[in-house]
Structure formats: structure tokens, C-alpha cells
Amino acid sequence: MSAVLVCFEPSCRATYSTSEVIYNCPKCGGLLEAQIDYDLEAAKQWKDVWRRRRMSNAPLDQSGVWRYREMLDLFGGGFENVVTLREGNTPLLNAPKAADYAGIDRLVFKHQGFNPTGSFKDNGMTCGVAQAVKLGMKRVACVSTGNTSASMAAYSSAAGLDPIIFIPNGNISYGKLAQALEYGARTLQVEANFDEILALVRVLAERLGIYLLNSINPFRIEGQKSIVIEMLDQRDWSVPDWIVLPGGNLGNTSAFGKALRELLTLGFINKLPKLAVIQAAGSSPFYDYMRQQDRSQFPAVKKPETLATAIKIGDPVSYPKALHEVTTTAGIVEKATEQEIADSKAIIGLCGIGSEPASAATLAGIKKLRAQGVIGASDEVVAVLTGNVLKDPDYIYRYHTGQLDDPHGARIVSTFGNRPIVTPNDADHIARLLGS
Ligand SMILES: *Cc1c(COP(=O)(O)O)cnc(C)c1O
């Protein structure tokens with residue numbers, strides 16, 4: 001099998017070797033997409049091969065990404081550049097309380113927060129870093145609101161590369177920043193917003209020969225396909241009605257749609273689930289875009305605002321791909337307010353599951369789409385929780401103690417608040433408190 005990079009613009013479709021260091025189409029500036037020339041005859045064996053690998057002790061077989069490496073055969077001969085931290089392998093968790101809350105019969109979460117650095121970024125990063133090694137790059141960089149930097153720091157340090165991280169000043173949760181520092185990344189806090197820093201870093205990457213591992217990187221998108229492949233493998237290839245995910249830069253939306261289309265081509269599934277992408281109301285350009293009649297202009301948001309920092313993106317780079325994938329799957333885009341996200345997050349916590357704020361947008365979105373009759377009560381729904389509960393503990397403490405303010409300073413009601421109770425060291429008092 002062989003792979004090439006193809007320009008995603010329908011009017012261009014120029015192809016390039018995977019050994020070129022490019023992020024956009026040099027001809028038209030369009031997004032690039034990897035295209036693997038699949039051997040459909042050989043593919044008939046893959047489901048069995050993938051199952052057998054779960055019994056193996058070989059590192060690549062144990063990875064929930066590289067177990068599916070036939071669909072990630074991007075590097076031209078072998079996988080010797082791959083560094084795995086055993087990413088993927090994330091569970092499907094049944095969440096009855098969350099289903100009740102949303103008004104549907106059953107809800108299953110695929111929890112990407114179980115990854116080595118606590119977010120789905122690991123699924124893509126192991127692939128992006130493998131490509132950096134393959135290209136012989138020594139320095140790698142990304143701009144990130146948090147999880148990408150944590151993941152890039154870990155994987156590139158594990159691979160012996162030098163990670164450099166650019167973050168918007170004062171816009172990152174300590175959990176994520178702490179990871180980047182601990183994994184040895186040089187961390188530059190720049191006084192500009194995400195989109196401005198991205199433009200800056202693209203200039204620097206060119207000038208200094210640094211490999212860029214932002215979500216525009218087509219190899220990261222390829223790695224993130226494994227989230228959907230693993231989910232369907234875990235469901236014995238039974239396709240749900242809906243896959244629900246939060247949308248920020250829309251890389252994951254792009255990856256999910258691509259994986260689904262490829263699985264359909266390979267004959268592994270017989271229909272496409274609908275993709276439902278949920279944005280935060282203060283940072284919802286893709287929601288607006290999908291409701292516009294005229295799709296020629298993307299309504300970028302200059303000052304995106306949400307406490308769900310992982311989806312605080314005003315000008316998502318992957319929107320053309322996301323448009324294609326949401327349309328192809330007959331999916332939908334919804335948005336959720338800060339209050340809706342916060343309450344949904346608490347409900348996910350009450351299921352014993354937990355997540356970071358951006359992930360909880362999924363449940364808020366499902367509840368709204370159910371209320372509108374878009375999602376049926378008996379529909380099979382899998383929602384993807386993108387990040388770990390401990391990524392943003394400050395948010396959690398504030399919510400439960402009634403101190404969480406939205407970006408405009410309005411207090412968020414702690415509907416499902418759970419305050420710590422201060423009590424004297426007195427058994428009788430505590431017994432009374434606990435209702436003896
Ligand atoms: C990156 C991230 C998102 C947004 O994903 P996109 O691919 O940028 O749309 C959502 N949730 C979490 C926890 C993330 O880390």
C-alpha cells in the first residue's frame with residue numbers, strides 16, 4: 001500500500017509525496033488530506049487481525065491506535081519510527097443518569113480522557129510525531145489551548161525530539177500547563193489570542209525548520225481516525241445512530257468523518273452514523289456557518305469566549321473538512337451555553353465518569369437535540385468525552401461551591417453543586433449531619 005497527500009479543495013486535488021514538509025497545498029493553500037491506497041482484498045482479514053492483536057504483548061499491538069495500523073499506513077514501509085505510550089484503548093461507558101438527563105433511553109460515552117496524557121490528542125499525536133521522526137525533524141512546535149501541548153510534549157520527548165509550545169497568555173488551565181512543563185517542553189506564553197499565535201508560529205516554523213504539529217497537520221488527523229475505528233471494533237461493528245463530539249478547531253470532526261467514510265469503503269460498516277458537533281455558544285462560528293445560506297464566507301469569531309478552553313477557537317482551521325463530514329453523514333451542529341455545559345458536566349460526574357468542560361458540551365447538545373426532536377428517545381447515541389476530569393480542577397471547585405463565573409462575569413448557578421462541609425471534630429454533630 002502507498003499513501004499520498006491530496007489537496008482537499010475539490011477544484012485543486014493536487015497530490016504530494018508524504019515526505020514533503022507541507023501543511024497546506026502549495027498550489028492553492030487548501031487543506032491537505034492523507035490518502036491511502038487500500039488493498040480491499042487484504043482488508044477482508046483486518047477485523048480478525050485487529051482482534052488477535054489485543055492478546056499480544058508487542059507495543060504497537062497494545063496501542064489502541066497502532067493496532068489498527070493498516071488504516072494508518074502512511075510512512076512508506078514499516079512503523080519503526082513510531083513511539084507509543086499505549087494511547088487509545090479507551091472504554092465505552094454506559095451512563096444511565098446522563099441518558100435520563102438528556103431524555104434518551106441509553107447513552108454511552110467513549111472516554112478519550114483515559115489516554116496517557118488525558119485527552120484524545122494522544123491518538124493523533126503518536127502519528128504526527130512518527131511523521132516528524134520519519135522526516136528527520138529535530139524540533140516540533142504547536143500552538144495550543146492546552147491538551148495539544150500536553151500531548152505533544154509527552155510524545156516528542158518520548159521520541160527524543162525538542163518540543164516547543166506556544167500558548168495564549170493566561171488562557172490555559174494549570175493541569176495542562178503543568179503537563180507541558182513536566183514533559184520538558186520549552187513553553188512560550190505569547191500575548192495574543194490563539195488564532196494570532198498560529199499565524200506567528202507558521203512563520204517561525206518555516207524560518208527555523210521546526211515541524212508543526214497543530215491540528216492542521218494531516219498526520220494527526222489520521223491518528224485520530226483510530227477513535228472511531230476502535231469504537232466500532234468495541235461495538236462489534238454495529239453502527240450507532242449518532243456520534244456526538246465537541247467542536248473547536250474541528251480536527252476531530254474531520255478525522256471521525258474520514259474514518260467512517262473509509263470504513264464504509266472497506267466494507268467494515270454498512271451505513272454512516274450521523275455526526276453531531278457541539279460548540280460552546282460564545283465560540284460557535286461553525287454553528288453559525290452551517291446555518292448560513294451562503295457558504296462562501298466563514299463567520300470567524302474575533303473574540304471567542306468560553307470557560308471550556310479546549311473549544312475556545314474563533315477561526316477553526318479544519319472547517320472545510322468538517323463541513324464535508326457533517327454534510328456527508330447528514331449530521332448537525334448545535335451549541336450549548338456556559339450554564340448548560342457546567343450542569344451537564346456535573347451530571348457526567350454523577351455517573352462516576354467525569355470529564356473536562358469541553359467534553360460536557362456533548363451531553364448539553366444531546367439534551368437540546370432531543371428536546372428539538374432531532375435525536376429520538378430510542379436512538380443509539382455514543383458521545384465522545386474528549387478530556388480527563390482532572391484537566392481543569394479549578395472549574396470544578398468553583399462550580400460546586402457556587403463561585404463559577406462565565407466569561408462576562410455572570411455567576412453560573414451550581415444546579416448540581418456539591419459543597420464541602422466544614423464541621424467541628426464532634427461525632428454527635430457529624431452523625432446528625434449525616435442523618436444518623
Ligand atoms: C482539542 C479538544 C477539543 C476540540 O477538538 P477539535 O478537534 O479542535 O475540534 C475538545 N475537547 C478537548 C478536551 C480537546 O482537548
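Every value quoted in this text rests on a predicted model; they were computed, and no experiment measured them. Counting starts at 1 for both ligands and their atoms, following the listed order.
A salt bridge does not link Lys367 with Glu340: none of the charged nitrogens is closer than 4.0 Å to a carboxylate oxygen. Look at Asp162 and Arg186 and you find a salt bridge, because one of the NZ, NE, NH1 or NH2 atoms lies within 4.0 Å of a carboxylate O, short of that distance. Comment: Glu70 engages Arg53 in a salt bridge, judged by a side-chain N to carboxylate O separation of less than 4.0 angstrom. Taking the charged nitrogens against the carboxylate oxygens, Glu262 and Lys258 do have a contact shorter than 4.0 Å, which makes a salt bridge. Under the 4.0 Å criterion applied to side-chain N and carboxylate O atoms, Asp405 and Arg411 are assigned as salt-bridge partners. Using a cutoff of 4.0 Å between basic side-chain nitrogens and carboxylate oxygens, Arg69 and Asp61 are scored as salt-bridged. Ion pairing between Lys321 and Glu9 fails under the 4.0 Å rule for side-chain N and carboxylate O.
When all heavy atoms are compared, the tightest approach of Asn249 to Pro316 is OD1-CA, 3.2 Å.
The shortest N or O to N or O distance between Gly251 and ligand 1 is below 3.5 Å. Close N/O approach between Gly248 and ligand 1 is found [any backbone or side-chain N/O within under 3.5 Å]. Not a single N or O atom of Gln224, backbone or side chain, sits closer than 3.5 Å to an N or O atom of ligand 1.
Using a 4.0 Å heavy-atom cutoff, Thr253 is absent from the residues neighbouring ligand 1. Residue contacts with ligand 1 include Gly247, since one of its heavy atoms falls under 4.0 Å from the ligand.
Distance from atom 11 (N) of ligand 1 to its nearest protein heavy atom, with residue and atom name: Thr386 OG1, 2.7 Å. For atom 8 (O) of ligand 1, the nearest non-hydrogen atom of the protein is Asn249 N, 2.8 Å. Looking at atom 7 (O) of ligand 1, its nearest protein heavy atom turns out to be Asn252 N, 2.8 Å. Here the protein heavy atom with the shortest distance to atom 5 (O) of ligand 1 is Phe120 CZ, 3.4 Å.
Residue contacts with ligand 1 for Ala310 involve both N, CA, C or O and side-chain atoms from C-beta outward (heavy atoms, distance under 4.0 Å). Proximity of Thr148 to ligand 1, defined as any heavy-atom pair under 4.0 Å, is not found for any part of the residue. Residue Glu356 touches ligand 1 through its side chain alone, judged by heavy-atom distances below 4.0 Å. At a heavy-atom cutoff of 4.0 Å, ligand 1 is contacted by the side chain of Lys121 but not by its backbone.
Note: Leu263 CG to Lys225 NZ = 8.5 Å, rounded to the nearest 0.5 Å.
Under a 4.0 Å criterion applied to the non-hydrogen atoms of Ala358, ligand 1 contributes the atoms 11 (N). Near Gly387, with a cut-off below 4.0 Å to any heavy atom, the atoms of ligand 1 are 13 (C).
You'll find the ring centres of His400 and Phe416 outside the 6.0 Å limit.
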